[in-house]
Amino acid sequence: MTRPFTRLQLRMPGQRLIFLVLSGLTFLALVALSLLLTKGSRGTPRHGRESADDFIIKEVDPESIRNYLRHLTSRPHPGGTKAEEENAHWVADSWRALGLDEVHLVPYDVLLSYPKNNIPNLVRVLDAAGQAVWTSHGWQKPLYSPEESSPDVLPNFNAYSAPGNITGDVVYAYFGREKDFKQLEDLGVSVKGKIVLARYGEVFRANIAWAAEKRGAAGVILYTDPQQYAPLGEDAVYPNTVYMPASGVQAGTVLLADGDPLTPFYPSVESAYRLAEENSSVPKIPVQPVSYGDAREILRHMGGPEAPAEWRGGLDVTYRLGPGMAEAGWTLGLEVHTHNARATTYDVVGVIRGSEEPDRYVILGNHRDAWVFGGVDPSSGTAALLEVTRVLTSLKDQTGWRPRRSVVVCSWGSEEYGLVGSKEWAEQFGKQLMDRTVAYINVDLTIEGNYSLRTLSAPLLYDTVFEAAAKVPNPDAAEVAAGRPMVYDTWAARLPDGDHPGRPRVDLVGSGSDYRSFMHNLGVPVLDICYTYDPKVNVEPLYHTLYETFALVDELYDKGFGFQAALTRLWAIMAVDLADTQVLKFSLKEYSSFLADAQEELLQEYGDLISARNISMAYFKKAIEGFSQATDMFIDDLDHLDTSNVLAVRRVNDQLMMVERSFIDPRGLPDRPDYNHVVMAPSVSDSYSGTAFSGLSDALDGILDLEPSQQEERWVHFAQHLAAITHYINTAAKVLSDDLW
Ligand SMILES: *[C@@H]1O[C@H](CO)[C@@H](O)[C@H](O)[C@H]1NC(C)=O
Ligand SMILES: *[C@@H]1O[C@H](CO)[C@@H](O)[C@H](O)[C@H]1NC(C)=O
Ligand SMILES: *[C@@H]1O[C@H](CO)[C@@H](O)[C@H](O)[C@H]1NC(C)=O
Ligand SMILES: *[C@@H]1O[C@H](CO)[C@@H](O)[C@H](O)[C@H]1NC(C)=O
């Protein structure tokens with residue numbers, strides 16, 4: 001692999017020169033400098049912090065990010081391929097060249113999934129004689145950038161689909177949500193033995209595939225309707241806009257579990273026990289994505305009643321439910337060659353060792369694998385991770401700074417398959433990470449729009465992201481001119497939090513990226529940041545397609561790379577803040593109001609149902625009040641903390657770190673043993689989005705529609721889980737005090 005000509009290489013001789021000059025100075029000057037810096041990070045952190053922030057803001061270089069991105073997007077690099085492995089080595093070599101204290105390449109032998117290279121997966125409309133009257137496209141059509149014609153681009157596929165060649169009747173299932181399948185049942189249309197045609201866009205695609213499989217469907221075809229993906233019409237698409245052209249196909253996994261499917265709960269190391277593939281959670285039916293250009297041809301031929309009005313999409317056809325085609329005897333064929341295969345995927349982990357608490361980690365992560373070029377997802381994030389690392393090492397080399405705690409940078413493998421690299425790593429090192437990790441900050445991609453910053457966050461990190469966003473200059477010139485000079489200002493103005501006027505919105509932590517294991521298994525507070533599009537428009541730009549090229553980012557989203565530079569600054573500033581602040585700045589008050597608000601919402605929705613059942617919420621309420629009092633006392637006591645006493649400082653920091661851990665139930669949520677966090681979890685019907693107390697709301701969701709015996713079972717789950725949550729909230733209050741009792 002050839003390395004691009006990057007600032008990274010340009011800087012190397014310069015850094016050595018500075019070092020030589022420095023070593024020529026008097027010993028005293030060095031000692032004075034280091035004393036000043038040490039004092040800065042201990043006694044008067046403000047001075048040290050401000051100068052580190054200024055350094056970061058100046059040093060982050062849009063051109064450097066651009067060079068990293070150009071290199072990373074030069075060819076397809078899906079998980080487990082040669083290209084992913086070579087990129088792993090490239091990241092590791094770059095980090096070694098920058099002088100990180102440690103760089104580890106961590107391989108995992110896991111079950112991944114690929115289409116056949118030269119035999120595409122196809123959908124066919126078959127006439128009564130079984131002859132194909134129409135056949136779908138195996139690949140997406142190159143439209144703009146030369147690399148789109150690369151022979152390494154894989155045929156269209158959904159990872160972990162079963163292979164198969166089936167023929168049958170098609171049924172249209174709208175967004176393929178649980179409620180859509182229920183509506184189909186109510187309309188008297190069964191999907192059993194049928195091929196389900198469903199739209200992407202409302203829930204995680206693996207939830208659609210599973211909802212169809214468990215109802216006995218024979219196969220699934222997923223497509224992107226122009227209503228969600230090309231709202232300005234089929235002419236206003238890539239490469240003229242960021243929207244989906246008619247030939248665009250969204251790739252993605254349809255496995256409804258995270259990590260290597262053969263080694264659930266345990267790391268895929270050499271000694272691992274591996275399940276037989278048929279006993280793992282991989283789908284048992286073929287699932288294949290198609291473009292809206294191809295979906296139009298399927299829909300055009302369909303028979304049966306017209307779909308309900310709101311189920312109609314943006315294609316110029318009559319949307320029908322099926323089952324089957326309008327012409328007698330015609331069917332749909334689905335030929336899928338996607339197959340599972342063992343492969344090695346690589347995490348790259350680098351460390352800037354902490355000066356005072358090297359065994360406390362602030363972890364930054366991004367995944368490296370992309371379905372195709374990954375211009376947006378994830379290579380924009382990989383470019384930012386490389387830039388953060390470059391800037392932190394030059395902060396170290398140029399000013400003598402060293403973080404108080406260790407900063408750990410992680411480049412994950414095979415995230416797209418189901419968070420595989422990060423999940424395996426969190427499984428392998430789970431106990432140590434749970435003991436030592438202060439926070440995890442994820443950037444899956446930096447830019448999927450340039451409208452506003454968007455964050456998902458654990459409540460404990462709200463102040464960290466609010467304060468940092470208020471320090472980063474706004475990359476949006478029009479917004480600056482409108483009197484909003486900082487990233488925070490546009491965020492608060494454009495994505496306001498309805499419940500807290502003047503404040504920006506922060507989303508709950510679901511399981512859409514590599515923060516998942518840290519939050520939901522280890523109880524580490526996490527944050528995820530990116531620049532996003534206007535959610536009010538409710539249109540998703542290009543995602544997981546051939547067209548997320550370097551050009552898309554360079555020519556459409558972010559001319560000049562100013563937004564990506566701002567996001568990189570934000571990431572680096574938060575990393576330094578969390579790594580350097582003597583007493584962790586965790587937002588305890590935010591957590592207690594989060595719990596109180598979530599309780600109120602739960603009672604608004606289900607309060608009557610719960611009281612009709614004579615289940616008391618009193619202990620639960622009392623626990624939340626107790627947590628609030630404990631946080632107030634803890635915060636008051638901090639005023640009297642002797643900050644020169646290292647053991648006392650370590651003690652309060654350990655207590656703070658235990659708060660999120662307290663919410664981890666080793667048995668997991670009811671029927672979901674791989675989700676351990678009782679306060680926040682993705683909802684069962686959509687793994688993308690986070691929900692508060694989802695173990696409770698999932699137990700009661702739709703309960704009145706169930707058979708009496710199933711209702712009983714749900715109430716047992718509810719009551720047991722309520723007691724568990726109450727216990728863990730009490731525990732979270734207790735860990736903030738020095739007493740066991
Ligand atoms: C799959 O089925 C179709 C239609 O029944 C047929 O034309 C095609 O040859 C089959 N493909 C394979 C690989 O057997
Ligand atoms: C798969 O699981 C079933 C049921 O537990 C078991 O009987 C079977 O032996 C397993 N197959 C393999 C290959 O382990
Ligand atoms: C922001 O993104 C839109 C496309 O969504 C693009 O038209 C516009 O030029 C971008 N702005 C900048 C400053 O790059
Ligand atoms: C709840 O308690 C009331 C009063 O004791 C009783 O009449 C009712 O049957 C109880 N309901 C349930 C579901 O146990």
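Order of appearance sets the numbers: ligands from 1, and atoms from 1 within every ligand.
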From the options His367, Glu424, Glu84, select the one residue that forms a side-chain contact (heavy atoms from CB on, under 4.5 Å) with Ser414.
-> Glu84
Glu297 and Arg300: which non-hydrogen atoms are nearest, and at how many Å?
-> OE1-NH2, 2.8 Å
Where His301 and Trp330 come nearest, the two heavy atoms and their spacing | CD2-CZ3, 3.5 Å
Among protein heavy atoms, which sits nearest to atom 9 (O) of ligand 2, and what does the distance come to when rounded to 0.1 Å?
-> Asn279 ND2, 4.8 Å
Any idea which protein heavy atom is nearest atom 4 (C) of ligand 4, and the distance to it?
-> Asn614 ND2, 4.5 Å
Taking only heavy atoms of Ala612, which atoms of ligand 4 are found under 4.0 Å from at least one of them?
-> 11 (N), 13 (C)
Hey, could you give me the CG/OH distance between Asp180 and Tyr172, rounded to the nearest 0.5 Å?
-> 8.5 Å
Is atom 14 (O) of ligand 2 less than 4.0 angstrom from at least one protein heavy atom?
-> yes
Got a protein heavy atom sitting under 4.0 Å from atom 11 (N) of ligand 1?
-> yes
Can you check whether [X] and [Y] have ring centres sitting under 6.0 Å from each other?
X	Y	answer
Tyr417	Trp371	yes
Tyr223	Tyr200	no
Phe620	Phe693	yes

State, yes or no, whether a side-chain contact exists between Glu306 and Arg312 at a heavy-atom distance under 4.5 Å.
-> yes
Enumerated ligand 2 atoms positioned under 4.0 Å from heavy atoms of Ala276 = 12 (C), 13 (C), 14 (O)
Numbering as shown, the atoms of ligand 2 that approach Glu278 to under 4.0 Å (heavy-atom distance) = 13 (C)
Which is closest to atom 6 (C) of ligand 1 by heavy-atom distance: Leu126, Ile166, Asn165?
-> Asn165
Which option out of Thr135, Leu334, Thr167, Thr331 puts a heavy atom nearest to atom 5 (O) of ligand 1?
-> Thr167
Would you mind running through ligand 1 and noting each atom that sits below 4.0 Å from a heavy atom of Arg124?
-> 3 (C)
N/O separation below 3.5 Å, Glu335 to ligand 1 | yes
